[in-house]
Amino acid sequence: MTATTRAKTNYLVTVLGGLFSLLAGMLITLRNLFRRPVTEQYPKSKPALSKNFRSAIALVRFEETQTHDCVACMQCVQICPSFCIAIEGDKPEGLKRKRATEFHVDYALCSVCGLCIDVCPTNTLKYSRVYDQVAYRRDAFVYDLLTEFRDAEVAYLEKARQEAAAKEAAKQAAAAARANKDTAPAAANASKELEND
Amino acid sequence: MPTRAKAGAVSERQHSKLGDAPLPETYHLNMGPQHPSMHGVLRLVLHLDGERILDVDPVIGYAHRAHEKMAEHRNYLMFLPNTSRVDYLSGMIYNLAYCQAVEKMLEIEVPERAEYIRVICSELNRISSHLLWFGTFLLDIGGITPFLYAFDDREQILEILDRVTGSRLTYCYGRFGGLTEDVDTTFLDQTRAFVKRLRERLPEYHALVTGNVIFRGRCEGVGVIDQHVALAYGVTGPCLRAAGIAFDVRRAEPYGIYDRFEFDIPTEQSGDALARYKVRVAEIEQSLRIIEQAVAQIPDGPIMPDKPKKRFKPAAGELYFAVESARGQFGIYIVSDGSEIPFRIKLRTPSFSNLAAMPAVLPQTTIADTIAIVGSIDVVIPEIDR
């Protein structure tokens, strides 16, 4: 075989090989043409959100109290890497425990790391399932988490106050009963010890 | 006029300084930062003689977010969400690497089950990163179809990971000592099904791409990073292995429980774009092998230590911890002054070193090749800039 014929054969092999590789690719395309499309037509068909889907945080509504249990301990505010949580808390009248009075989250800053949920001592934080928030202004992403709890919170506080008052009354009644008993000589020593305490 | 002469002299000096090239008629072309073929915001200043590249200056910093500086102003936990945003394509690997580094510093024991889940998730993430590279690289050099197939497969991974981690891209799944969520049998079944599915798809990828005459014509012998250049510039990952050096952190300095799995380190000798392609596709297969073994061996048990620590305060000192990310060696260097806030965290990112080798590789190639070469080293710009 001369050099020229060899070159010609090589050229032919390259051309045919190239043609074959192109046809192989087109065959795959052809085969895939008959597959069911994988595209989801989003607004028409909405895929289910995943089990652990993370979004902006929200407050848990507890069955028992029908309200949240944020005690404004500020642990989430301190751990938040994006500094996007702002809470204000106060001791409501007649109660000894602090309650949150303001709870704002700036979702535009949040990086859904979940550290706030991890540190929450009362487990009152969870991920919401919001996924399609759109707005023209940034402040639209500042969520007031307490809005939906305002009514429930009033009812809860009223109930808690009544309970606290009832507790206090019971305590006083018990003390009064004890005082009455004190007049009896047998209990005199015991009550003295109590007073010393 | 003296003033004009002066002005002329200045402009001439500036010109010669800017040129700094052997030929008088050098043309400067800014490729990027907003160029459809450049990944992210990379800017390459090409010094051209016609179509031939004489020199190249990669200009970086457009996506700088000061991650390392941020680490100096927050405690160890608060840096967690930053890690997956350094390299958003293998966020899981980065996130878990940071957890492992801090665990090593604090000597926290990680439960067995958590270790296995970490391996499965990291390898899934590696495959998803390679699949994305596969798709976009071929898109760069003109093949649109493989991109759609690769993203179809990648979507499966994202769904599997989304189900446990709650995120699709920037995961914050790791915690010091374990993980945030346990996996269930559905996750393991999905993972098994995915391994089977991708194994069936890989021959299709090979038939579609590896043998394709146009693809080979654009990649064969293009952008050779030889062993000397690779070692001189600290190139790691698939780019190094494509040059014939079988270095993989998972094997060289095993971390986590990687020493328990059987896998090969694919290498190629030619060091060109085609070799890098082959190494990555072979790595997908090896990752599938690791996942298969991990899913088979995963034990029951807790995913966090019995008594997780609340405060993380490493003793004063320093630590370097490296993992194999999808792009190469990712190192975390932590300096602690004994307080709750790190004194310094330095991130050694593979794309930075891989891109640094470009001025040694690109000269004497053409503009069209630049796309193929820069695409084939698989850079993630936010990882370079950090």
Side-chain angles (χ1 to χ4, degrees), chain A residues 11 13-33 35-40 42 47-57 75-85 109-121 126-131, chain B residues 70-71 73-75 77-85 95 143-146 148-149 151-153 155-156 158-168 170-176 180-184 186-187 201 203-217 304 308 310:
Chain A
Y11 180 70
V13 166
T14 316
V15 168
L16 286 178
L19 198 66
F20 175 76
S21 81
L22 292 183
L23 287 176
M26 282 177 188
L27 196 70
I28 291 169
T29 311
L30 194 72
R31 227 183 290 142
N32 276 284
L33 203 61
R35 265 178 60 198
R36 260 185 66 225
V38 290
T39 316
E40 280 169 352
Y42 164 62
L49 287 182
S50 75
K51 187 171 60 112
N52 295 327
F53 182 74
R54 290 186 184 183
S55 182
I57 52 167
Q75 285 198 48
C76 52
V77 178
Q78 279 166 19
I79 198 75
C80 180
S82 314
F83 311 109
C84 65
I85 307 175
L109 300 178
C110 175
S111 51
V112 291
C113 61
L115 293 174
C116 50
I117 294 176
D118 285 2
V119 296
C120 186
K126 64 170 184 184
Y127 296 110
S128 68
R129 296 181 80 75
V130 181
Y131 69 95
Chain B
M70 278 159 95
H73 294 274
R74 48 193 64 200
N75 66 33
L77 266 176
M78 287 161 87
F79 190 61
L80 268 174
N82 287 61
T83 50
S84 59
R85 283 154 179 89
N95 188 239
I144 293 169
T145 319
L148 300 170
Y149 296 160
F151 266 58
D152 181 16
D153 283 332
E155 183 65 28
Q156 307 289 321
L158 296 189
E159 258 170 40
I160 292 172
L161 291 180
D162 181 23
R163 210 175 144 270
V164 285
T165 66
S167 320
R168 283 166 59 87
T170 47
Y171 311 101
C172 192
Y173 187 42
R175 288 291 185 268
F176 304 147
T180 53
E181 285 283 339
D182 198 0
V183 301
D184 51 8
T186 320
F187 169 83
R201 293 268 280 196
E204 207 168 70
Y205 286 172
H206 281 299
L208 189 64
V209 178
T210 317
N212 187 289
V213 64
I214 302 170
F215 170 73
R216 290 190 88 94
M304 279 297 268
K310 291 274 178 227

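Labels below follow one simple rule: chain letters A, B, ... track the order of the sequence lines, proteins then strands, and each chain is numbered from 1. Note that these values count all heavy atoms, side chains included, but never hydrogens, waters or copies made by symmetry.
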Taking all atoms of both residues into account, what is the closest heavy-atom pair of A:Tyr127 and A:Phe53, and its distance? CB-O, 3.7 Å

As an exercise, state the distance from OH of A:Tyr11 to OG1 of A:Thr14, rounded to the nearest 0.5 Å. 8.5 Å

Taking B:Tyr171's backbone N and O only, do any of them form a donor-acceptor pair with B:Ser84's side chain (distance below 3.5 Å, no angle check)? yes

Report which part of B:Arg85 has an atom under 4.5 Å of a heavy atom belonging to chain A: side chain, backbone, both, or neither. side chain

Got a donor-acceptor contact below 3.5 angstrom from the A:Ser128 side chain to the A:Ile57 backbone? no

Honestly, the part of A:Phe83 sitting under 4.5 Å from a heavy atom of chain B is side chain

Only pairs of heavy atoms separated by less than 4.5 Å count here; which of B:Thr170, B:Leu208, B:Leu148, B:Ile214 has the most with chain A? B:Leu208

In terms of heavy-atom pairs under 4.5 Å with chain A, the winner among B:Leu80, B:Val164, B:Thr145 is B:Val164

Looking only at heavy atoms and a cut-off of under 4.5 Å, which of A:Cys113, A:Gly114, A:Gly25 has the most pairs with chain B? A:Cys113

Give a yes or no answer on whether the side chain of B:Arg175 reaches the backbone of A:Asp118 with a donor-acceptor pair at less than 3.5 Å. no

Among B:Glu155, B:Arg201, B:Arg216, single out the residue with the greatest number of heavy-atom pairs under 4.5 Å to chain A. B:Arg201

Region of B:Asp152 that comes under 4.5 Å of a non-hydrogen atom in chain A: side chain

Any non-hydrogen side-chain atom of A:Pro81 less than 4.5 Å from a side-chain atom of B:Pro81? yes

Ignoring hydrogens and angles, tell me if any N or O in the side chain of A:Arg54 forms a donor-acceptor pair with the backbone of B:Cys172 under 3.5 Å. yes

Would you mind checking which part of A:Gln75 comes under 4.5 Å of any heavy atom in chain B, side chain (CB onward), backbone (N, CA, C, O), both or neither? neither

Over 12 non-hydrogen atoms of neighbours within 6.0 angstrom of CD1 in B:Ile144: no

Check the pair B:Tyr149, A:Ile28 against side chain to side chain contact (heavy atoms under 4.5 Å, CB included), reporting the backbone distance first and the verdict last. CA-CA 11 Å; B:Tyr149 296 160; A:Ile28 291 169; 4.0 Å; yes

Among B:Thr180, B:Val209, B:Asn75, B:Thr165, which has the most heavy-atom pairs under 4.5 Å with chain A? B:Thr165

Greatest number of non-hydrogen atom pairs under 4.5 angstrom with chain B, of A:Asn32, A:Leu27, A:Val112, A:Thr29, falls to A:Asn32

For the interface with chain B, which of A:Leu115, A:Leu49, A:Val38 has the highest count of heavy-atom pairs at distances below 4.5 Å? A:Leu115

Taking B:Glu159, B:Arg74, B:Met70 one by one, which has the highest count of heavy-atom pairs under 4.5 Å against chain A? B:Arg74

Using heavy-atom distances under 4.5 Å, tell me whether B:Glu181 contacts chain A through its side chain, its backbone, both, or neither. side chain

